[in-house]
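Worth saying up front: this structure is predicted, and the values here are computed from it rather than measured.
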Amino acid sequence: MASGRSSSSSSTQGSGAHPEPVQRLVEAFAQLPGIGRRTAERLAFHVLKSPKAEAQRLAQAIDQVKSQVRHCGICFNVTDTDPCPICTDGRRDAAVVMVVEQPKDLWILERTGAHRGVYHCLMGRLEPLDGVGPETLTVRELLQRVEHPERNAGGVKVTEVILATNPDLEGDSTGLYLADRLSKLGVMVSRLARGLPAGSQIEFAHRGALADAIAGRRKLS
Ligand SMILES: [Zn+2]
């Protein structure tokens, strides 16, 4: 049983299965979401086999994503320019702001082509039991965009906020909290229609169902 333990990097070579540098790469891949031990080993050996230039491109891409990509100062989308290309796109209607939990949700909703406004990424959702309150998210920045047009994309006054948090327990309660705060600022608040199954996640929703949910959004306040 003791032989199954390999987490701490002891000076001896762990299980001894791989040379130390390969082992480090396997460990790094194994930490990625959805990558099990076997897949991590396959990826590591793929890198080992591939031409040096190809492996360097991968290393460079990883390095650059951390050094060059940041969050948009207006909507918190991930971007290499600040403000991001969505916030600076004059063809979009900056008066309509769609609120999502994460930048990855933004990109999924964006692919539906059904939203021609701009976005606001909360960078999470309210999870009181895990200590995630409004101050941990970008709630303050959202309210400021609504209160002060100069803080919004293109200096445009926000007239509608569409809540596109996930249709599950935490997403719904985050939406209700925001609707309450926003309604006091006199802005129209709507929520994606229930085309999405309750308890589901935007990340895994069908593109058509998402487009319907945007088109059929209902007014909250
Ligand atoms: Zn932006």
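Between Glu27 and Arg37 there is a salt bridge, since a side-chain N of the basic residue sits under 4.0 Å from a carboxylate O of the acidic one.
Note: Arg111 CZ to Leu109 CG = 10.0 Å, rounded to the nearest 0.5 Å. Annotation: the span from Cys72 atom SG to Asp80 atom CG amounts to 11.5 Å, rounded to 0.5 Å. Atom CG of Leu163 and atom OH of Tyr177 lie 12.5 Å apart (nearest 0.5 Å). Taking CG from Leu178 and OG from Ser183, the interatomic distance works out to 10.5 Å, rounded to the nearest 0.5 Å. For the atom pair CZ (Arg116) and CG (Asp89), the distance works out to 6.5 Å, reported to the nearest 0.5 Å. Between atom NZ of residue Lys157 and atom OG1 of residue Thr159 there is a gap of 8.5 Å, rounded to the nearest 0.5 Å.
In plain terms, the two heavy atoms of Val187 and Val158 that are nearest each other are CG2-O, 3.7 Å. When all heavy atoms are compared, the tightest approach of Thr88 to Pro83 is CG2-CB, 3.9 Å. In this structure, Met98 and Ala164 approach most closely via the heavy-atom pair CG-CB, 3.7 Å. Residues Leu25 and Ala44 approach most closely at CD2-CA, 3.9 Å, considering heavy atoms. Residues Val69 and Val65 approach most closely at CB-O, 3.2 Å, considering heavy atoms. Across all non-hydrogen atoms, the minimal contact from Gln102 to Cys121 is C-SG, 4.3 Å.
Of the possible donor and acceptor atoms, none in the side chain of Thr79 sits under 3.5 Å from a partner among the backbone N and O of Pro85. At least one donor-acceptor pair under 3.5 Å links the side chain of Arg217 to the backbone N or O of Ile214. Judged purely by atom type and a 3.5 angstrom limit, Ser50 uses its side chain to pair as donor or acceptor with the backbone of His46. A distance-only check finds a donor-acceptor pair linking the side chain of Glu101 to the backbone of Asn166 [under 3.5 Å]. His120 places a side-chain N or O within 3.5 Å of a backbone atom of Thr138 that can act as its donor or acceptor partner.
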Full working for side chain to side chain contact (heavy atoms under 4.5 Å, CB included) between Ile86 and Tyr119: CA-CA 8 Å; Ile86 292 179; Tyr119 293 90; 4.1 Å; yes
CA sep, side-chain torsions, deciding dist, call: Asp105, Glu203, side chain to side chain contact (heavy atoms under 4.5 Å, CB included): CA-CA 6 Å; Asp105 296 331; Glu203 189 180 351; 4.2 Å; yes
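A heavy-atom distance below 4.5 Å is found between the side chains of Thr165 and Arg191. Between Leu126 and Val132 there is no side-chain heavy-atom pair separated by less than 4.5 Å. In this structure, the side chains of Met123 and Pro103 come closer than 4.5 Å at one or more pairs of heavy atoms. Glu41 has its side chain out of reach of Leu43: every pair of non-hydrogen atoms, C-beta onward, lies at least 4.5 Å apart.
Side-chain heavy atoms closer than 4.5 Å link hydrophobic residues (I, L, V, M, F, W, Y) into clusters, and following such links, possibly through other members, connects Leu185 to Leu142. No continuous path of ILVMFWY side-chain contacts below 4.5 Å connects Val47 to Val22, so the two sit in separate hydrophobic clusters. Cluster annotation: Val26 is not connected to Leu58 through the hydrophobic network of ILVMFWY side chains, with a link wherever side-chain heavy atoms come within less than 4.5 Å. Tracing side-chain contacts under 4.5 Å through hydrophobic residues (I, L, V, M, F, W, Y), one reaches Val100 starting from Val78; they form part of the same cluster.
Ring pair His71/Phe76 is tilted by interplanar angle, where 30° to 60° counts as tilted.
Of the N and O atoms on the side chains of Ser173 and Arg125, not one donor lies less than 3.5 Å from an acceptor on the other residue.
Each of Ile162, Val156, Val118, Ile74 was compared with Val97 under the side chain to side chain contact (heavy atoms under 4.5 Å, CB included) criterion, and only Val118 meets it.
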